[in-house]
Amino acid sequence: MVYGHRTVRWADAKFTRRFSGAAVPPRPELYGRAAVADAWKAWFRFLLAYAISVGLIFGLVVLVGTIDKGAPLLVWLNPPTKVLSYSLIWPIVTTIWPGKAPEPAKENQ
């Protein structure tokens with residue numbers, strides 16, 4: 001749901017390049033504000049995926065009946081919560097040090 005469209009678009013582009021000989025598109029140059037925006041978009045995309053998975057786990061706990069019976073399911077919240085917390089480091093660091101534009105190539109004279 002969160003990564004589906006992006007993943008299918010990536011796979012289609014890879015398949016097209018592999019089997020029809022299409023040219024490799026240039027990679028976006030991410031520095032400055034573009035790098036910061038891309039890092040935060042990626043983190044918010046992960047946050048949305050996390051929210052969906054937490055909602056599904058709580059839905060399963062409700063489906064089981066009581067919190068006592070559903071407690072073993074809540075253990076599954078620990079790993080994605082850690083990953084969400086650790087993945088916040090990258091956008092923060094990118095915001096503080098966004099990276100510089102590449103130096104223009106100097107031509108030999």
Side-chain angles (χ1 to χ4, degrees):
M1 212 157 130
V2 178
Y3 292 102
H5 180 70
R6 187 178 177 126
T7 304
V8 169
R9 190 174 51 215
W10 171 83
D12 284 345
K14 287 283 190 184
F15 184 84
T16 303
R17 282 194 300 272
R18 172 77 170 108
F19 292 106
S20 72
V24 177
R27 296 187 78 172
E29 295 183 11
L30 295 177
Y31 52 86
R33 285 182 177 234
V36 173
D38 185 63
W40 282 105
K41 282 180 190 176
W43 189 80
F44 281 116
R45 195 175 298 119
F46 184 72
L47 178 65
L48 182 58
Y50 172 80
I52 291 169
S53 64
V54 167
L56 288 172
I57 290 173
F58 278 117
L60 290 173
V61 169
V62 168
L63 184 67
V64 168
T66 63
I67 195 73
D68 295 335
K69 291 180 183 176
L73 292 170
L74 297 177
V75 173
W76 287 92
L77 292 176
N78 193 20
T81 304
K82 285 181 182 178
V83 171
L84 179 71
S85 303
Y86 298 153
S87 67
L88 185 59
I89 294 169
W90 183 254
I92 291 172
V93 168
T94 305
T95 302
I96 296 170
W97 297 290
K100 297 181 176 118
E103 294 287 328
K106 295 181 181 179
E107 296 181 25
N108 292 336
Q109 299 188 2

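Note that the structure is predicted; figures quoted are calculated from it, not measured. These numbers come from the heavy atoms of this one structure, side chains and all, not from hydrogens, waters or symmetry mates.
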J.: List the atom of Tyr3, the atom of Phe46, and the distance in Å for their closest heavy-atom pair.
T.: OH-CA, 3.3 Å
J.: List in chain and number order the residues that pass side chain to side chain contact (heavy atoms under 4.5 Å, CB included) with Arg27, two or more places apart in sequence or in another chain; answer none if no residue qualifies.
T.: none
J.: When Ile, Leu, Val, Met, Phe, Trp and Tyr are grouped by side-chain heavy atoms lying under 4.5 Å apart, directly or through other members, which residues fall in the same group as Phe15?
T.: Phe19
J.: Just distance, no hydrogens or angles: give the donor-acceptor pairs under 3.5 Å from side chains in residues 88-105, sequence neighbours left out.
T.:
unit_1: Thr94; atom_1: OG1; unit_2: Trp90; atom_2: O; d: 2.8
unit_1: Thr95; atom_1: OG1; unit_2: Trp40; atom_2: NE1; d: 2.7
unit_1: Thr95; atom_1: OG1; unit_2: Pro91; atom_2: O; d: 2.7

J.: Does Leu63 belong to the same Ile/Leu/Val/Met/Phe/Trp/Tyr cluster as Leu74, with side-chain heavy atoms less than 4.5 Å apart forming each link?
T.: yes
J.: Hydrophobic clustering (ILVMFWY, side-chain heavy atoms < 4.5 Å, transitive) - are Leu84 and Ile52 grouped together?
T.: yes
J.: What pairs with Arg18 under side-chain hydrogen bond (donor to acceptor under 3.5 Å, both in side chains), at least two apart in sequence or on another chain?
T.: none
J.: Yes or no on side-chain contact (heavy atoms from CB on, under 4.5 Å) for Tyr86 and Val83, after CA distance, side-chain angles and deciding distance?
T.: CA-CA 5 Å; Tyr86 298 153; Val83 171; 5.6 Å; no
J.: How close do Ile57 and Leu73 get, heavy atom to heavy atom, and via which atoms?
T.: CG2-O, 3.6 Å
J.: Applying side-chain hydrogen bond (donor to acceptor under 3.5 Å, both in side chains), can you list everything that pairs with Ser53, at least two apart in sequence or on another chain?
T.: none
J.: Honestly curious: do Val64 and Val75 fall in one hydrophobic cluster under the side-chain, below-4.5 Å linking rule?
T.: no
J.: Tell me, please, which residues at least two apart from Ser87 pass side-chain hydrogen bond (donor to acceptor under 3.5 Å, both in side chains).
T.: Trp43
J.: Quick one, Phe58 and Leu77 - any side-chain contact, counting heavy atoms below 4.5 Å?
T.: yes
J.: Considering non-hydrogen atoms only, spot the tightest contact between Arg17 and Val24 and give its length.
T.: CD-CA, 3.6 Å
